[in-house]
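Take a look at the structure set out below.
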Amino acid sequence: MMDLQKFFDRSSVEVARALIGTELIFGGAGGIIVETEAYEPDDPASHSFRGVTPRTRTMFGPPAHAYVYRSYGIHWCLNFVCRPSSAVLIRALQPTSGLPEMEERRGKTDPLLLCSGPGRLCQALAISAEQDGLPLSQPPFSLTPPPLPPIIDVGTRIGISKAMDRPWRFGLHGSVHVSRKFV
DNA sequence: GAAAAGATCTGCT
DNA sequence: GCAGATCTTTTCG
């Protein structure tokens, strides 16, 4: 297990880049993180931009914790908290563990889409509001850094309506598991 | 108290 | 490629 306290005590942009290639396991299922997005304190697209609310209180808490929120009333999205009021959205994984469980939770679908997208990822790993605020340093979470520094793609974030020009989306170069291709 | 927007996914055309 | 599903949170009156 790596030094999570030090790892997450940086800007979300740095953490988002550093997370690419890291293996995330949650309760026996998971895979390699291939796509992330950074949300900064002074970022109009971030939930934390308009101050603390009941939903976003976790984002203002200590680093190295999970922030889970409901999206579009249907999906769950998993974030890692960095320095207070900033976080990294985990958008896609390359599955490596617990494939049968994830396939069962996701139902019949294209294998490539098992964890390709924040909503799909949470459904595959069975993550919901109960995991909001949990520390990443202990089970059921497990993070393992890559043996070698990966090649990283950079692009603009997806699905937002503000600050759309900031290049804060990161991906593993050449991965077929990203939710949308990098150009 | 009411209304609108939202860090999305799926299915159909 | 586009619209619908679906509901929580936040903002406005």
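Within every chain, numbering begins at 1; the chains are lettered A, B, ... in the order of the sequence lines, protein sequences first and strands thereafter.
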Counting any heavy atom closer than 4.0 Å, what does [X] reach on the DNA or RNA strands: base, sugar-phosphate only, or nothing?
X	answer
A/Ile160	sugar-phosphate
A/Arg50	sugar-phosphate
A/Arg169	nothing

*Is a donor-acceptor pair below 3.5 Å formed from side chain A/Tyr69 to base B/dA7, judging by atom type as modelled?*
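Present.
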How many Å lie between [atom1] on [X] and [atom2] on [N], as a whole number?
X	N	atom1	atom2	value
A/Leu112	B/dC9	CG	C1'	16 Å
A/Arg70	C/dT8	CZ	C1'	8 Å
A/Leu89	B/dT8	CG	C1'	11 Å
A/Arg180	C/dG1	CZ	P	10 Å
A/Tyr39	B/dA7	OH	P	7 Å
A/Arg166	B/dA7	CZ	C1'	14 Å
A/Leu114	B/dC9	CG	C1'	14 Å
A/Tyr72	C/dG4	OH	P	16 Å

*Picking from B/dA7, C/dT6, C/dT9, which would you name as closest to the side chain of A/Met59?*
B/dA7
*Between B/dC9, C/dT9, B/dG6, which one does the side chain of A/Arg55 approach most closely?*
C/dT9
*asked:* Ring of A/Phe8, cation from A/Arg10 - is the NZ or CZ under 6.0 Å from the centre and inside 45° of the axis?
replied: no
*Tell me, please, whether A/Tyr39 has A/Arg157 positioned over its six-membered ring: NZ or CZ under 6.0 Å from the ring centre and within 45 degrees of its axis?*
yes
_Quick check on A/Leu99: does its CG atom have over 12 non-hydrogen neighbours (other residues, nucleotides or ligands) under 6.0 Å away?_
yes
*For atom CZ of A/Arg105, is the number of surrounding heavy atoms from other residues, nucleotides or ligands below 6.0 Å larger than 12?*
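Yes, the 6.0 Å shell around CZ holds more than 12 heavy atoms from other groups.
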_Who pairs with B/dA7 - Watson-Crick or G-U, where each distance is under 3.5 Å_ =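 The answer is none; no pair meets the criterion.
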*asked:* For A/Thr96 versus A/Ile25, what's the shortest heavy-atom pair and its separation?
replied: OG1-CD1, 4.4 Å
*Upstream residue (5' side of DNA chain B) when A/Arg120 and A/Ser161 are each assigned their closest nucleotide*: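 Closest to the 5' end, via its nearest nucleotide, is A/Ser161.
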*Does A/Arg106 have a side-chain nitrogen or oxygen under 4.0 Å from the phosphate oxygens OP1 or OP2 of B/dT10?*
yes
